[in-house]
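Everything quoted here is computed from the prediction, not taken from an experiment.
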Amino acid sequence: MLSDTILTFMVLGPGVAALIAGLLQKFIGDRGAMVVTTATVGLVGILAIYQLFSFTFGGPDAVHAAGTEGATGAAAHVITLMPWIHVGDFHANWAIRVDALSIVMMAVITSVSGLVHLYSWGYMADDPHRARFFSYLSLFTFAMLMLVTADNFIQLFFGWEGVGLASYLLIGFWYTKKAPNDASIKAFVTNRVGDFGLALGIMAIFLIFKSVEIEPVLTAIKQNAVLVPVALAEAGPVREMVLPFLGMDLPALEVIGVLLFIGAMGKSAQFFLHVWLPDAMEGPTPVSALIHAATMVTAGVYLVCLVSPIYEYAPNAAAMVALIGAVTAIFAATVGMAQNDIKRVIAYSTCSQLGYMFFAAGIGAYEAAMFHLFTHAFFKALLFLGAGSVIHGAHHEQDMRNMGGFARYMPLTYGAMLIGTVAIIGLGIPHVWGLSGFYSKDAILETAFAAGTNGVAFGQLAFWFGIAAALLTSFYSWRLIYMTFHGPRAEPDHHSHDDHGHDDHHHGGDPHESPMVMLVPLLVLSIGAVFAGMVFYDSFVGHHYKEFWDGAIYTAKENTVLKDKYNVPEWVLWAPLMVTVTGFILATFTYLFNRGVGKRIADSGGPLHAMFQNKWFFDEIYDATLVKGTRWLGDTFWKTGDKKIIDGLGPDGVAGVVKWGSRRLSAMHTGYLYHYAFVIIGAALVFGAILFWRSGGA
């Protein structure tokens, strides 16, 4: 295992680089900021990849040499940096937690981030604010590393909010334009909804366990320890603990599982809370590759797998994870078929693939979920950076209707995009070989079928939704390839919005290949997209999965789901290939041999196409209900409740009465002596009459 000093540098280094680039730009210049951040994150990425290979092929002792024994195997190795919050039973340190999960996530985050930093040297070459951009990239990398190496839920929440902040800054990087500003606010607000659930989940964890440290909480669940909660519930075994709510006694682990998953739904753009992800494409393309392909959006998957003991004993919460994931996989795939912006097609692809990961976790196949997270990082980052190369070479054109025939102008980018496409559709021959997506996606589908036959909730539904999503994924992926790289050059008939925040028509001129500084990351990611699945299959989900995960992932039934995937019928193995080939044939017929068919379908504006193109009208529904409803509610409380009732009957009302009375009284001050004499005499008569009446007229 790497030394504690090196591990500490790997986590904190990007944060220090972000500070240097952001605060010292005037002294070191844009190039200095770019060198510091790229060199730091690149070095950390190399160390993380080395650590992953060392752990994978060097055995569990490579990471657990300094660890302690836990309830189900070797515990994580923890490096305590400093005390943070110590109040009564509430203890939270700044610490680095290293286990199989964090090793995988560190390798994914830092390797993709390092390549994105390098790629950005070419992509952002003409931007006047490069130092700020690279500072934000490194800040995001640091926050993500803090999240995946957190030893307690408070540090995890710090990283969780940190990546939300960095995402907001990066999506709205071109803040002088309205669209990026609106997109960054939409992402930030949507994620706050999910983060509220996560915060409540962490509070519920402390309420039950009197601790926010990850290892003691998970160990207590594994051992079904008897706990004395902070309040509200009686002492008892943790798996039987209940939380009273609105007169009901709800199972505590179910409540915690649902609340944590709500946080994961927001961060990982799952159904209902997915609306921010496509709009996030307003940020620079390297941002899309880093945040919305391989790292931030996978934080929710990591969280669910990290707390696997909770979901093992919260079947209803696990069923919710499986259902939402399955629905997201098919929903996002349908929308991706009808999008014309090259980045938005890939964004909905991300949403769909995250659905695969979640329904795998929901049926108990956490290892398969993490495997797909790992392979997906390579081919999705490859697709996003490939799209960025297309946009850069096409003079910042993003509308695929204005493309066509680009293969002969940018053959290297075309080759990289082909590899990414074949990887994401999961093309491969069972029992023979395939690209990375083949190994991880098929592992998920096989375990889903096995889970369904064993009575796991929504297992069969997830399998069939996954098969349907695979068909649609193949269709829209090849549609992107054909519309962009094949056929004749399209005339720029459509008004488009480019990646640099400009509303403009096609700038003219032939497309051109990107510089080498942008092509090298594509080459490296292509290698991962081809070989990562084959190299790591046996360790992640194959015969050695137990030795690899070694307690980092817990299953109550010795993971019968993962074992049973070897016993599924032969047709289950071939079904993904069949639907993938079907999608390829349909796309080839529609967009290569009969290019006018797709345009006629779009122009016909049928209800189904309109529904998919308008993203199932989620934005319109949310605007009509949540946005306008919230605005109406705010106006009602403000204008009616606050201004008319509270202020009207309170300080404003009193002030109005005083003002009215003062105006009437001031009218009596005329300045004429006979007016004052008349008032005095009149008052004397009135008071005299009152006294006479009270004295009884005597």
Side-chain angles (χ1 to χ4, degrees), residues 144 147-148 153 156-157 159-161 163-164 167-168 186-205 253-280 291-293 295-308 310-311 314-333 335 347-363 366 369-370 372-373 376 444 457-458 461-462 465-466 469 615-616 618-619 621-622 625-626:
M144 195 70 198
L147 190 163
V148 301
F153 289 101
L156 183 146
F157 192 72
W160 196 273
E161 295 303 302
V163 295
S167 174
Y168 170 79
K186 186 176 183 179
F188 199 79
V189 171
T190 306
N191 273 276
R192 297 293 70 73
V193 176
D195 294 354
F196 181 63
L198 177 62
L200 290 177
I202 294 173
M203 294 175 192
I205 287 173
L253 292 183
E254 296 279 12
V255 172
I256 292 171
V258 169
L259 290 173
L260 294 181
F261 179 59
I262 291 173
M265 286 175 63
K267 196 67 71 184
S268 296
Q270 292 300 282
F271 197 66
F272 295 125
L273 295 181
H274 67 278
V275 291
W276 66 270
L277 183 62
D279 288 24
I291 294 180
H292 311 119
T295 49
M296 189 184 90
V297 290
T298 62
V301 180
Y302 166 78
L303 175 63
V304 172
C305 294
L306 174 68
V307 297
S308 55
I310 293 177
Y311 291 100
N316 294 320
M320 176 182 175
V321 176
L323 177 61
I324 295 293
V327 171
T328 303
I330 189 71
F331 152 75
V335 178
Y348 277 106
S349 167
T350 298
C351 203
S352 181
Q353 298 302 309
L354 288 165
Y356 275 95
M357 301 175 208
F358 273 110
F359 78 65
I363 62 174
Y366 311 100
M370 287 300 300
H372 197 50
L373 183 158
H376 175 262
I444 288 176
F458 299 116
L461 176 74
F465 274 26
K615 302 161 286 189
W616 289 28
F618 263 97
D619 285 338
I621 293 171
Y622 282 1
T625 55
L626 298 178

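Between F618 and W616, the angle of the ring planes stays under 30°, which puts this pair in the parallel group of the 30/60° scheme.
Summarising the geometry of A457 relative to A319, their closest heavy-atom pair is CB-CB, 3.9 Å, with the distance given to 0.1 Å. Among all heavy-atom pairs drawn from F188 and G164, the shortest one is CD1-O, 4.1 Å. Pairing each heavy atom of V304 with each of F261, the nearest pair is CG2-CD1, 4.3 Å. Across every non-hydrogen atom of M296 and S167, the tightest pair is SD-CB, 3.6 Å. The two residues Y311 and A318 make their nearest non-hydrogen contact at O-CB, 3.8 Å. The two residues S352 and A332 come nearest to each other via the heavy atoms N-CB, 3.5 Å.
The OG1 atom of T298 lies 7.5 Å from the CE atom of M370; values are rounded to the nearest 0.5 Å. I444 contributes atom CD1, which lies 8.5 Å from atom OH of Y356 (distance to the nearest 0.5 angstrom). We find the CD1-CD1 distance between I262 and I324 to be 10.0 Å, quoted to the nearest 0.5 Å. The structure places CD of E254 at 11.0 Å from CD1 of I310, a figure rounded to the nearest 0.5 Å. Here the CD-CG distance, from Q353 to L373, works out to 11.5 Å after rounding to the nearest 0.5 Å. Going from atom CG of L323 over to atom CD1 of I363 covers 13.0 Å, rounded to the nearest 0.5 Å.
Checked by atom type and distance alone, the side chain of K267 pairs as donor or acceptor with a backbone atom of W160 at under 3.5 Å. In this structure, W276 contributes its side chain and V189 its backbone to no donor-acceptor pair below 3.5 Å.
Partners of T328 under the side chain to side chain donor-acceptor pair (under 3.5 Å) rule, at least two apart in sequence or in another chain, are Q270. The ring-ring contact (aromatic ring centres under 6.0 Å, His included) test applied to F465 returns no partner, not counting sequence neighbours. K615 pairs by the salt bridge (charged side-chain N to carboxylate O under 4.0 Å, His left out) definition with D619, not counting sequence neighbours.
Taking 4.5 Å as the limit, some side-chain heavy atom of M265 sits within range of a side-chain heavy atom of M320. Contact check for N191 versus Y168: no side-chain heavy atoms found under the 4.5 Å cut-off. Using a 4.5 Å heavy-atom threshold, the side chains of L198 and L303 count as touching. The shortest distance between side-chain heavy atoms of I256 and V307 does not fall below 4.5 Å.
A side-chain contact (heavy atoms from CB on, under 4.5 Å) with V321 is found for one member of F458, F359, F358 and no other, namely F358.
Note: F331 and H274 meet the aromatic proximity criterion, with ring centroids under 6.0 Å apart.
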Audit row: Y622, F272, side-chain contact (heavy atoms from CB on, under 4.5 Å) steps and yes/no:
CA-CA 10 Å; Y622 282 1; F272 295 125; 3.8 Å; yes
Derivation of the side-chain contact (heavy atoms from CB on, under 4.5 Å) call for L306 and L156 | CA-CA 11 Å; L306 174 68; L156 183 146; 3.9 Å; yes
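Salt-bridge formation is detected for the pair E161/R192: a Lys NZ or Arg NE/NH1/NH2 atom is positioned less than 4.0 Å from an Asp or Glu carboxylate oxygen.
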